[in-house]
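Following: one structure in structure tokens, then a few remarks.
Bear in mind that the values here come from a model prediction, so they are computed numbers and not experimental data.
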Amino acid sequence: MGKAASFYVMLKIYSEGVRKMKWFHIISYFLLWVGGLNWGLIGFFNYNLVETLLGSWPMLIKWVYILVGVATVYIVFTHQKDCKICGKK
């Protein structure tokens, strides 16, 4: 395999990784919104939207909370790199 072909393969692998990370970022951002909205509703109205929607599946509720927590940690650690306002200039 020549240098051009190996460079193309490496570029393709990199672009697939970036695409997967973009989806991970989008899903994490969505989960951050879900968590923030849920905590706002709990704080203002004592209404838990996640438990209302998934009340008959307590294990699924637990997984939603775990995913929201993981997404929040991910966003906190990658925010500066992704944010146009907070990012290094």
Hydrophobic cluster membership, with links at side-chain heavy-atom distances under 4.5 Å among I/L/V/M/F/W/Y: are Ile75 and Phe24 in one?
yes
Indicate if Leu37 and Leu53 have the same hydrophobic cluster label, given that clusters are the connected sets of ILVMFWY residues with side-chain heavy-atom separations under 4.5 angstrom.
yes
Identify whether Val64 and Leu49 are in the same connected component of the hydrophobic contact network (ILVMFWY, side-chain heavy atoms under 4.5 Å).
yes
Quick one, Tyr47 and Ile42 - any side-chain contact, counting heavy atoms below 4.5 Å?
no
In Å, rounded to the nearest 0.5 Å, how long is the span from CD1 of Ile61 to OG1 of Thr52?
8.5 Å
Taking Trp39 as the starting point, is it possible to reach Val50 by hopping between hydrophobic residues whose side chains are less than 4.5 Å apart?
no
Give the cluster check for Leu60 versus Ile27: same hydrophobic cluster or not, with ILVMFWY residues linked at side-chain heavy-atom distances below 4.5 Å.
yes
Once the angle between the rings of Trp33 and Tyr29 is folded into 0 to 90°, is it parallel (under 30°), tilted (30 to 60°) or perpendicular (over 60°)?
perpendicular
Between the main-chain N or O of Asn48 and the side-chain N or O of Asn38, is there a donor-acceptor pair closer than 3.5 Å?
no
Rounded to the nearest 0.5 Å, what separation is found between the NE2 atom of His25 and the CG atom of Leu32?
9.5 Å
I'd like to check Tyr65 versus Glu51 (side-chain heavy atoms, cut-off strictly below 4.5 Å). Are they in contact?
yes
Looking at Val70, Val68, Ile26, Thr72, which one forms a side chain to side chain contact (heavy atoms under 4.5 Å, CB included) with Leu31?
Val68
